[in-house]
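Contents: one structure, followed by commentary.
Values below: every heavy atom of this structure, side chains too, minus hydrogens, waters and symmetry copies. Just so you know, these numbers come straight off a predicted model, no measurement behind them.
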There are 2 protein chains.
Amino acid sequence: MDQRVKKKATIYDLSLLSGSSPSTVSAVLNGTWRKRRIKESTAQTILGLAELHQYTTNLQARGLRRSRSGLVGLMLPVHDNRYFSSMAQTFEGHVRSRGQCPVVVSASRDPEEERRTAETLISYSIDQLFIVGATDPDGVHEVCELAGLRHINIDLPGAKAHSVISDNYQGARMLTEAIIRHFGNDDPLRPDELFLFGGRNDHASRERIAAFHATKKALLGADPEDGVQSSGYSPDITLRAFEAFYQCRGKLPRALFINSSINMEGLLRFMAGRPAEMFSELVVGCYDYDPFGSFLPFPVIMVRQNVEAMITKAFELIDEPPTAPQTFLIAPELIQPRSALKGPLDTLKDIE
Amino acid sequence: MDQRVKKKATIYDLSLLSGSSPSTVSAVLNGTWRKRRIKESTAQTILGLAELHQYTTNLQARGLRRSRSGLVGLMLPVHDNRYFSSMAQTFEGHVRSRGQCPVVVSASRDPEEERRTAETLISYSIDQLFIVGATDPDGVHEVCELAGLRHINIDLPGAKAHSVISDNYQGARMLTEAIIRHFGNDDPLRPDELFLFGGRNDHASRERIAAFHATKKALLGADPEDGVQSSGYSPDITLRAFEAFYQCRGKLPRALFINSSINMEGLLRFMAGRPAEMFSELVVGCYDYDPFGSFLPFPVIMVRQNVEAMITKAFELIDEPPTAPQTFLIAPELIQPRSALKGPLDTLKDIE
DNA sequence: TTCGCTTGCACAATCGATGGTGCAGAAACT
DNA sequence: AGTTTCTGCACCATCGATTGTGCAAGCGAA
């Protein structure tokens, strides 16, 4: 009866089969049939046929007509990173629970690519866009605004749309303090023994660096000028920064504040091939949480940004009527070394 | 002139503005105008207007008409994992270089969810579907087949469509051998000191377990029955497996073969709160690569699956005319402890 | 019987782009 | 001059679903 690869059934097919008009079929299938005063029995007939013929709505057609698609976009800088991938995981859960379809794409921290990506998604009439860690949030905003697309910034703030970000200042303060206190009073850390690696000229880095400076000054009394080694969000640049530092001073600092797990990978690259003992006295604070990172052979104090809270807040905001752009801070959490925390995966059904 | 949030320009708008018919405008904008013998000058006029009015194609409309969308789907088990997220990263690069739009979604290793997700994507008329690590590849196949959607399995094979997977047997053989050889001849490993944790009844686990057994037998002469502790792909179940083991024997084995980085997180959870010294003699082999995992305080030998090669091969196959389903093995790579390898991110422009 | 209200549905326009077909006018050829 | 060929484009149906509107039949009340 059913041949292979037959065309998918449409409302017109069901219309013929049921003897009802396409509009009736449509109403029945999209749930608006009570409002349209369709008889219960008619609806049942059609639903039965739909089941029988495995009808599924052509969402492109619906999207075209309604000029929205049921797709909700998440634009990440990159996938390949625990912070962003847990963002994706959490986002998916939220979107699905709202009966929509998540679409996750990355834009490589390239302003041009960010705008192009937004434009593409808009061409598919996505309903909302969550912009994570964008290099140029306001550029993306422009694109969204023109298309009347609801959007919100996460992780890095923009001036023209609501933003939900980690409280970078407080987080970095906690982290710096924890690093310093880790040394105790026997052999306290000196100001010139704590360096920050990573980060660039974005809001998050600026806040973290400011907190780093302030906390060092407050707790250690001083803060040399050269305590910060910017190295972007690239493992390789960070590696080179470490190499340069090492070259220059013959050793690493006793303590490091590392701006993100991506920069932390730069440290790993520096470690590779060098003897483990070289790092046995090191104390590291990393502004990001990675379970494996937490168990390195030296103490790694980490900051976990509250992804769940950020996403939740973002969903609240994006549905609200627009008001003047505001930035909402979400408190991150300090994670002691050797901690294996639950993540978004743990809410999935455990499967043996 | 341009008001905010004005409707997007359509080919009909440009048609009026240019004095050409909508079909001419359409042809010019989608590049088929030479084939349709449109005069160069007409084309230029329209292109100019399009630029001026910031025309962008409504891809839902195009998709409806052409019954494909330009979207290419990647279905992952989960995002929050370096193996799968690097898959996503690599996939994106390939799709974009083909001028299409990547769509990455996860389906939680739930066969039901996998089919539903595929169906949703099909409703959007995606052009191709890459099915990664599916629990029920053939169930997804059924759905795709009915819709005439090109698809391919990656990481876990199906019987009804081409599959590109890691050579799990060889990888596990290499890994087991490396673990055993790591102990050298002074204090060689005994068969009852090497256990496998993780995995379930999927193709990859079965192959790895088979290779584990065979290699143990070949190199150590024997292989006790209880050497394998299945614990699915869940950190928590793996944690419980370690706890049970520890409870029962009072210690961990000297050496562990861990089936995936997700199971490895179960080991981390076991480690948390327990003294580091407990693990100082441990040697671990992990079938997955994670840069941070490679630098844990004990030797961790890892296997890196060749994501780039798998994706590349998958793209080759998916474009070919269909033949009888075949499974293609991609050789993975053994990674020595303390290795920080380059990943897909390194091909991005380094940004300071 | 007639008016008016409800019930239950059909009709048709519409979303925006595509592509097969047809046709007028110019150019080329006999 | 008459016929064929080419150019350059317009026309229109189409993809599948949605939704505002209209209207016949049925029913109760006056």
Side-chain angles (χ1 to χ4, degrees), chain A residues 6-47 49-50 53-70 122-127 147-148, chain B residues 6-47 50 53-70 120 122-127 147-148:
Chain A
K6 67 161 180 295
K7 301 291 303 169
K8 301 208 73 157
T10 70
I11 53 168
Y12 298 97
D13 301 329
L14 297 184
S15 159
L16 292 179
L17 289 164
S18 67
S20 300
S21 76
S23 61
T24 299
V25 174
S26 169
V28 168
L29 293 171
N30 68 30
T32 59
W33 55 282
R34 290 181 192 286
K35 199 164 57 196
R36 289 178 83 83
R37 298 197 313 256
I38 308 291
K39 228 196 311 182
E40 175 87 32
S41 66
T42 309
Q44 291 311 325
T45 310
I46 292 174
L47 288 172
L49 284 169
H53 293 269
Q54 311 204 52
Y55 170 85
T56 57
T57 308
N58 180 322
L59 295 175
Q60 297 215 81
R62 169 181 291 173
L64 175 57
R65 186 56 233 259
R66 292 202 177 150
S67 61
R68 47 204 180 76
S69 62
I122 287 171
S123 297
Y124 286 107
S125 308
I126 59 166
D127 299 347
Chain B
K6 67 161 181 293
K7 300 291 301 169
K8 303 206 72 156
T10 70
I11 54 169
Y12 298 96
D13 300 329
L14 298 184
S15 159
L16 292 179
L17 289 165
S18 67
S20 301
S21 77
S23 62
T24 299
V25 175
S26 170
V28 169
L29 293 172
N30 68 30
T32 59
W33 56 280
R34 289 183 193 284
K35 198 163 58 196
R36 289 178 83 82
R37 298 198 312 256
I38 308 294
K39 227 195 312 182
E40 176 87 31
S41 65
T42 309
Q44 290 312 326
T45 310
I46 292 176
L47 288 172
H53 293 268
Q54 312 204 49
Y55 171 86
T56 58
T57 309
N58 180 323
L59 295 175
Q60 296 215 82
R62 169 182 292 173
L64 174 59
R65 185 57 233 259
R66 291 201 178 152
S67 61
R68 44 205 182 77
S69 62
T120 304
I122 287 170
S123 297
Y124 286 106
S125 308
I126 59 166
D127 299 347

> Side chain of Ser125(A), backbone of Ser67(A): donor and acceptor closer than 3.5 Å?
Replying inline: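 A pair under 3.5 Å: no.
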Closest approach of [X] and [Y], non-hydrogen atoms and distance?
{"X": "Ala9(B)", "Y": "His53(B)", "value": "CB-O, 4.0 Å"}
{"X": "Val25(A)", "Y": "Ser18(A)", "value": "CG2-OG, 4.1 Å"}
{"X": "Asp13(A)", "Y": "Lys8(A)", "value": "OD2-O, 3.8 Å"}
{"X": "Leu59(A)", "Y": "Thr120(B)", "value": "CD1-O, 4.2 Å"}
{"X": "Trp33(B)", "Y": "Val28(B)", "value": "CD1-O, 3.5 Å"}
{"X": "Pro22(A)", "Y": "Ile11(A)", "value": "O-CD1, 3.9 Å"}

To the nearest 0.5 Å, what is the distance between CZ (Arg66(A)) and CG (Asp127(A))?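 That separation rounds to 10.0 Å.
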If you walk 5' to 3' along DNA chain D, what is the first nucleotide with an atom under 4.0 Å of a heavy atom in chain B, and what is the last?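 With heavy atoms of chain B under 4.0 Å away, the range is dT7(D) to dG16(D).
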In whole angstrom, what separates [X]'s [atom1] from [N]'s [atom2]?
{"X": "Trp33(B)", "N": "dG19(C)", "atom1": "CH2", "atom2": "C1'", "value": "18 Å"}
{"X": "Leu64(A)", "N": "dA13(C)", "atom1": "CG", "atom2": "P", "value": "17 Å"}
{"X": "Leu29(B)", "N": "dG16(C)", "atom1": "CG", "atom2": "C1'", "value": "12 Å"}
{"X": "Leu59(B)", "N": "dC15(C)", "atom1": "CG", "atom2": "P", "value": "18 Å"}
{"X": "Ile46(A)", "N": "dA10(C)", "atom1": "CD1", "atom2": "C1'", "value": "12 Å"}
{"X": "Ile11(A)", "N": "dC11(C)", "atom1": "CD1", "atom2": "C1'", "value": "13 Å"}

Within the structure, does a side-chain N or O atom of Tyr12(B) lie under 4.0 Å from either OP1 or OP2 of dT14(C)?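 Result: no.
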Q. Checking side chain to side chain donor-acceptor pair (under 3.5 Å) against Thr24(B), which of Ser20(B), Ser26(B), Ser21(B) comes through?
A.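 Single pass found, and it is Ser21(B).
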Just to be sure I understand the rule, does Ser67(A) reach a base, reach only the sugar-phosphate, or reach nothing, if contact means heavy atoms closer than 4.0 Å?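 Nothing: the residue Ser67(A), judged by heavy atoms under 4.0 Å, touches no strand.
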Going 5' to 3' through nucleotides 4-9 of chain C and flagging B where a protein heavy-atom sits under 4.0 Å of the base, S where only the sugar-phosphate is that close, and - otherwise, we get ---BBB
